[in-house]
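These notes are about the structure you will find just below.
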Amino acid sequence: MKLSEFRIAVDDEFGAGYGRVVVADLVLPTLAGRTAEQALADGVPAREVWNALCDATDVPSHRRYGVGRLDHRG
């Protein structure tokens with residue numbers, strides 16, 4: 001997942017305004033207590049950050065590839 005795809009997935013799932021809040025403020029326990037923004041700045045892969053964000057916010061598995069996108073797991 002590219003960073004641009006991460007941003008699109010966040011906007012699709014949470015909306016542009018709330019998505020920015022979630023990325024900047026929500027502490028993610030699986031990323032050592034960092035926010036998504038901090039984890040990305042520290043070089044954590046966007047897919048790993050997206051998955052942590054989905055886990056923390058209970059995004060259903062069928063939407064973890066972004067709203068309206070195909071599930072690439074097959």
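The model shown is predicted, which means the values in this text are computed figures rather than measured ones.
- The minimum heavy-atom distance between L28 and A52, with the atom names listed, is CD2-O, 3.9 Å.
- Residues V10 and G19 approach most closely at CG1-CA, 3.6 Å, considering heavy atoms.
- Annotation: the span from N51 atom CG to S61 atom OG amounts to 11.0 Å, rounded to 0.5 Å.
- Rounding to the nearest 0.5 angstrom, the gap separating the CZ atom in R63 from the CG atom in D12 is 10.5 Å.
- The CG atom of D11 sits 7.5 Å away from the CZ atom of R20 when rounded to the nearest 0.5 Å.
- A donor-acceptor pair under 3.5 Å is absent between the side-chain atoms of R7 and the main chain of S4, judged by distance alone.
- Considering all non-hydrogen atoms of both residues, A36 and V49 come closest at CB-CG1, 3.5 Å.
- A side-chain donor-acceptor contact under 3.5 Å links E5 to the backbone of K2.
- Counting only distance, with no hydrogens or angles, the side chain of W50 and the backbone of R64 share a donor-acceptor pair below 3.5 Å.
- Formation of a donor-acceptor pair under 3.5 Å by the R34 side chain with backbone atoms of V27 is not found in this model.
- Taking both residues in full, the closest heavy atoms of M1 and A9 are given as CE-CB, 4.3 Å, listed atom of the first, atom of the second, then distance.
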Practice prompt. Show your working on side-chain contact (heavy atoms from CB on, under 4.5 Å) between T57 and F14 and close with a plain yes or no.
Written response: CA-CA 10 Å; T57 58; F14 302 106; 3.4 Å; yes
Discussion item. E37 vs V22, test: side-chain contact (heavy atoms from CB on, under 4.5 Å). Steps then yes/no.
Written reply: CA-CA 9 Å; E37 190 171 271; V22 168; over 6 Å; no
Practice prompt. List the steps, then state whether side-chain contact (heavy atoms from CB on, under 4.5 Å) holds for V23 with T35.
Written response: CA-CA 6 Å; V23 169; T35 66; over 6 Å; no
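- Note that CD of E13 is 14.0 Å distant from CD1 of I8, once rounded to the nearest 0.5 Å.
- In this structure, the separation between CZ on F6 and CG on L53 is 5.5 Å, given to the nearest 0.5 Å.
- In this structure the side chain of E48 reaches within 4.5 angstrom of the side chain of L31, judged on heavy atoms.
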